[in-house]
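A short worksheet on the structure shown next.
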Amino acid sequence: MSFYIKIFYTLVWASLRFTSTDTPKAKLFILREREFWGSSVSIIIQGKKIAELSQNRYIEIELPAESTVIEISRNIQEKIEVKAVITLEANKTYYLKVYRELDYFKDQLMLGRLGTQSALQELKHMKKYNFSAIP
């Protein structure tokens with residue numbers, strides 16, 4: 001093999017080795033429990049709509065380890081009700097839960113962090129969101 005071909009293959013190998021697939025990732029689960037209201041909620045991460053999550057579903061997604069903006073809205077209202085910023089660390093798993101806070105004065109979506117044990121218990125009774133249906 002000629003010297004130039006070896007150089008070419010070395011450069012291609014080096015560029016493939018250091019592409020974005022090597023960036024550190026974190027795993028994020030967003031759960032939505034079964035409640036008495038039926039409309040789906042939109043999950044928007046870094047400004048991109050990821051899912052329309054209906055009742056008793058969850059998403060599992062790998063994201064770059066960085067500061068991440070998560071927004072949630074009810075599809076019937078189309079306005080952002082929850083906006084959270086979470087700093088994801090490499091090789092860690094995060095569990096967030098969308099729930100509804102309802103009292104005499106308000107009806108509001110909330111986003112809370114779950115511990116690993118609680119999340120794993122809840123995930124047993126939920127269905128995974130089908131990402132092939134992403135809008």
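Any value given below was found using the heavy atoms of this structure, including those in side chains, with hydrogens, waters and symmetry copies removed.
Nearest approach of A90 to P24, heavy atoms of both residues: CB-CB, 3.4 Å. The minimum heavy-atom distance linking Y94 with A26 is given by the pair CE1-CB, 4.2 Å. Scanning all heavy atoms of the two residues, the minimum distance from P64 to L88 falls at O-CD1, 4.0 Å.
Between K83 and V69, some side-chain heavy-atom pair lies under the 4.5 Å cut-off. Using a 4.5 Å heavy-atom cutoff, the side chains of Y129 and E60 are not in contact. Looking at L63 and I45, their side chains come closer than 4.5 Å, going by heavy atoms from C-beta outward. Counting heavy atoms from C-beta on, the side chains of I44 and I72 never come closer than 4.5 Å. In this structure, V98 and I43 have side chains that are in contact, with non-hydrogen atoms separated by less than 4.5 Å. You'll find the side chain of T68 reaches within 4.5 Å of the side chain of Q46, heavy atoms only. Side-chain contact check for I70 versus I86: some heavy-atom pair is nearer than 4.5 Å.
Using a distance-only test at 3.5 Å, with no hydrogens or angles considered, no donor-acceptor pair links the side chain of E81 to the main chain of S73. Judged by distance alone, with hydrogens and angles left aside, the side-chain atoms of N56 form no donor-acceptor pair with the main-chain N or O of R32 at under 3.5 Å.
Through direct or relayed side-chain contacts under 4.5 Å between Ile, Leu, Val, Met, Phe, Trp and Tyr, Y58 connects to F29, L31, Y95, L114, L120, L123, M126.
Here the CD1-CG distance, from I30 to L96, works out to 5.5 Å after rounding to the nearest 0.5 Å. Here L53 contributes atom CG and S42 contributes atom OG; the two are 9.5 Å apart, rounded to the nearest 0.5 Å.
Note on residues 112-124: pairs passing salt bridge (Lys or Arg N to Asp or Glu O under 4.0 Å), not counting sequence neighbours, are K97-E122.
Taking E62 as the reference, K25, K27 meet the side chain to side chain contact (heavy atoms under 4.5 Å, CB included) condition, with sequence neighbours excluded. Legend: residues meeting side chain to side chain contact (heavy atoms under 4.5 Å, CB included) with A84, ordered by chain and number and at least two apart, are L111. Here S67 pairs with V85, T87 under the side chain to side chain contact (heavy atoms under 4.5 Å, CB included) rule; sequence neighbours left out. Residues meeting the side chain to side chain contact (heavy atoms under 4.5 Å, CB included) test with K127, sequence neighbours left out: R57.
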